[in-house]
Amino acid sequence: MLLSGGLDSTTTLAIAQSEGYDTYVMSFRYGQRNKVELQCAEKLAKSLGAKQHSIINIDLRLFGSSALTADIDVPKDLADVDGGIPITYVPARNTIFLSYALAWAEVLNADAIFIGVNAIDYSGYPDCRPEYINAYQTMANLATQVGVEGRTEITIRTPLLEKTKAEIIQIGTALGVDYSLTLSCYDPDMDSRACSRCDSCQLRRKGFEDAGIPDPTIYI
């Protein structure tokens, strides 16, 4: 299970737990400007009963080209958050993360990798689309010993792929997720308050409004 500490991945973890999976959770310290999300991930993995939580250290700042890993301003107050691939896209991030998860899954003899990607209310990232997930799953079973030998067929589970943000929040709330422990903001302040103006904050706020559920987020 890939866990960022945000709303979508936390809901996905709750879904996996509700389906009876033993969950082994992986998060990444990849050079992101938002360090608070890892603190959230640690609390969430513990509160949701993960069997193990590993934080992997890699440095995607080496490549730059993203407002999340380079000295580039995070866009604020965008009128249309669905208008193409934004500068907050981190090149190949989900491919890198899933590859680490795939290695651990093979060692654990796990048959599923959960990831909280969403292709409805999202920022337009290419590695959140169903075409990408299907292609990665095919590759995963071609590239692993357990797949080639037919011992385990690995499935990339994306239970939120075609859900709106409001539907995701409703599902998580029904499963008892404490969204006050999550942080979605791309650019929080020193006190861990969400900026309220980046596209991730806008999508989150609208999701709670549409779901008719109070938003516990502390915004600037």
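Just so you know, these numbers use all the heavy atoms, side chains as well, and skip hydrogens, waters and symmetry mates.
The shortest heavy-atom contact between Gly207 and Ile169 is C-CD1, 3.4 Å. Across every non-hydrogen atom of Asn94 and Cys128, the tightest pair is ND2-SG, 4.0 Å. Across all their heavy atoms, Cys198 and Val74 have their closest contact at CB-CG1, 3.9 Å. Here the shortest heavy-atom pairing between Ile72 and Ser65 reads CD1-C, 4.3 Å. Residue Leu175 comes nearest to Ser18 through the heavy atom pair CD2-CB, 3.8 Å, listed as atom of the first residue, atom of the second, then distance. Across all non-hydrogen atoms, the minimal contact from Gly49 to Thr23 is O-OG1, 4.3 Å.
Between the CG atom in Asp215 and the NZ atom in Lys206 there is a gap of 13.5 Å [rounded to 0.5 Å]. Rounding to the nearest 0.5 angstrom, the gap separating the SG atom in Cys195 from the OH atom in Tyr219 is 9.0 Å. Taken from CG in Leu102 to OG1 in Thr95, the straight-line distance is 11.5 Å, to the nearest 0.5 Å. Lys43 NZ to His53 NE2: the interatomic distance, rounded to the nearest 0.5 Å, is 13.0 Å. With values rounded to the nearest 0.5 angstrom, Thr217 atom OG1 is found 8.5 Å from Arg205 atom CZ.
A donor-acceptor pair under 3.5 Å is formed between the side chain of Tyr136 and the backbone N or O of Ser99. With hydrogens and angles ignored, the 3.5 Å screen pairs no side-chain donor or acceptor of Gln202 with any backbone N or O of Ser200. Asn118 places a side-chain N or O within 3.5 Å of a backbone atom of Lys163 that can act as its donor or acceptor partner. Checked by atom type and distance alone, the side chain of Thr158 never pairs as donor or acceptor with a backbone atom of Leu160 at under 3.5 Å.
Between Tyr186 and Tyr125, the ring-plane angle classifies as tilted under the 30° and 60° cut-offs.
Heavy-atom contacts from other residues, nucleotides or ligands closer than 6.0 Å to CG of Asp73 number 12 or fewer. Heavy atoms of other residues, nucleotides or ligands lying less than 6.0 angstrom from NZ of Lys46 number 12 at most.
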Please assess Thr152 against Asn109 for the test side chain to side chain donor-acceptor pair (under 3.5 Å), listing each intermediate value before the final yes or no.
CA-CA 7 Å; Thr152 303; Asn109 200 32; 2.7 Å; yes
Apply side chain to side chain donor-acceptor pair (under 3.5 Å) to residues Gln32 and Glu37 and explain how you reach the verdict.
CA-CA 9 Å; Gln32 65 269 50; Glu37 66 180 15; 2.8 Å; yes
Enumerate donor-acceptor pairs with a distance under 3.5 Å from any side-chain N or O in residues 2-13 to protein atoms, sequence neighbours excluded.
{"from": "Ser4", "atom 1": "OG", "to": "Gly6", "atom 2": "N", "distance (Å)": "3.1"}
{"from": "Ser4", "atom 1": "OG", "to": "Ser9", "atom 2": "OG", "distance (Å)": "3.2"}
{"from": "Asp8", "atom 1": "OD1", "to": "Lys165", "atom 2": "NZ", "distance (Å)": "3.2"}
{"from": "Asp8", "atom 1": "OD2", "to": "Lys165", "atom 2": "NZ", "distance (Å)": "2.9"}
{"from": "Ser9", "atom 1": "OG", "to": "Ser4", "atom 2": "N", "distance (Å)": "3.1"}
{"from": "Thr10", "atom 1": "OG1", "to": "Gly6", "atom 2": "O", "distance (Å)": "2.6"}
{"from": "Thr11", "atom 1": "OG1", "to": "Leu7", "atom 2": "O", "distance (Å)": "2.8"}
{"from": "Thr11", "atom 1": "OG1", "to": "Tyr179", "atom 2": "OH", "distance (Å)": "2.7"}
{"from": "Thr12", "atom 1": "OG1", "to": "Asp8", "atom 2": "O", "distance (Å)": "2.9"}

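Residue pairs that meet the salt bridge (charged side-chain N to carboxylate O under 4.0 Å, His left out) test with at least one member in residues 18-34, sequence neighbours left out, are Glu19-Arg157, Arg33-Asp187.
Defined by atom type and a distance below 3.5 Å, a donor-acceptor pair is missing between the side-chain atoms of Arg93 and Thr69.
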